[in-house]
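Below is one structure, written out as structure tokens; the observations come after it.
We use all heavy atoms of the structure for the numbers below, so side chains are in, but hydrogens, waters and symmetry mates are not. Along the sequence shown, residues are numbered consecutively beginning with 1. Everything numeric in this text was worked out from a predicted model, so none of it was measured.
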Amino acid sequence: MASVLIEGKSVAVHLSPRAEAALSRLDAPLVAEMELYFSCLIRKAVRFRPLENGDAVCVQGKLYARFRPVVAKACGVRVADGPPPLEEIAVHHAAAYTPDWLRIDYQQGQWQGAFGYGAH
């Protein structure tokens with residue numbers, strides 16, 4: 001387990017053995033972006049993408065993490081089912097919304113992640 005400081009809060013990062021092995025094979029850095037979506041509903045998702053412009057903090061080696069609170073530009077059932085049009089938002093007291101933990105796995109050629117609050 002590693003931990004990283006995001007928005008002034010320590011976030012515990014748990015990597016499965018499969019994730020550690022997959023990270024060691026990467027040629028480029030990978031960002032695990034913890035997205036907290038606010039709108040007519042709240043949704044949590046971990047998105048994996050390449051590192052861009054040093055926009056995340058290094059967890060270890062080629063793994064980086066980032067917390068991204070977003071809000072939908074529109075609200076509705078169709079928007080919640082598909083990829084909604086999003087915009088990043090500034091959150092006052094961001095540490096209160098920043099997750100306590102991030103869990104990453106790699107199964108069947110796909111990165112998988114979850115994040116949460118409190119005990120894990």
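- Counting all heavy atoms, side chain and backbone alike, S3 lies closest to S10 at CB-OG, 3.8 Å.
- Residues meeting the side chain to side chain contact (heavy atoms under 4.5 Å, CB included) test with A114, sequence neighbours left out: W101.
- In this view, K44 satisfies the salt bridge (charged side-chain N to carboxylate O under 4.0 Å, His left out) rule with no residue, not counting sequence neighbours.
- Nearest heavy atoms, A19 versus W111: O-CH2, 3.8 Å.
- Contact between C58 and V4 at its shortest, heavy atoms only, is O-CG2, 3.7 Å.
- In terms of the side chain to side chain contact (heavy atoms under 4.5 Å, CB included) criterion, residue partners of Q107 (sequence neighbours excluded) are, by chain and number, R18, D105, Q112.
- Considering only residues two or more places apart in sequence or on other chains, K62 meets the side chain to side chain contact (heavy atoms under 4.5 Å, CB included) condition with L26.
- Linking ILVMFWY residues whenever their side-chain heavy atoms come closer than 4.5 Å, directly or via other members, places Y117 and V13 in the same cluster.
- Looking at residues two or more places apart in sequence or on another chain, you find no ring-ring contact (aromatic ring centres under 6.0 Å, His included) involving Y64.
- With sequence neighbours left out, the salt bridge (charged side-chain N to carboxylate O under 4.0 Å, His left out) criterion links E7 to no other residue.
- A heavy-atom distance below 4.5 Å is not found between the side chains of L23 and Y106.
- Shown here for A32 and L102, the closest heavy-atom pair between the two residues is CB-CD2, 4.0 Å.
- Rounded to the nearest 0.5 angstrom, Q60 CD and L15 CG are separated by 5.0 Å.
- Contact check on R66 versus E33 returns a salt bridge, with a Lys/Arg side-chain nitrogen under 4.0 Å from an Asp/Glu carboxylate oxygen.
- Remark: Y97 OH is loosely packed, at most 12 non-hydrogen atoms of other residues, nucleotides or ligands lying under 6.0 Å away.
- By the 4.5 Å heavy-atom criterion applied to side chains, R68 and V31 are not counted as neighbours.
- The heavy-atom pair separating M1 from A12 by the smallest distance is SD-CB, 3.8 Å.
- The shortest distance between side-chain heavy atoms of I6 and V57 falls below 4.5 Å.
- By the rule that hydrophobic residues join a cluster once side-chain heavy atoms approach within less than 4.5 Å of another member, L51 and V11 end up as members of separate clusters.
- Heavy-atom minimum distance, K9 versus T98: NZ-O, 2.7 Å.
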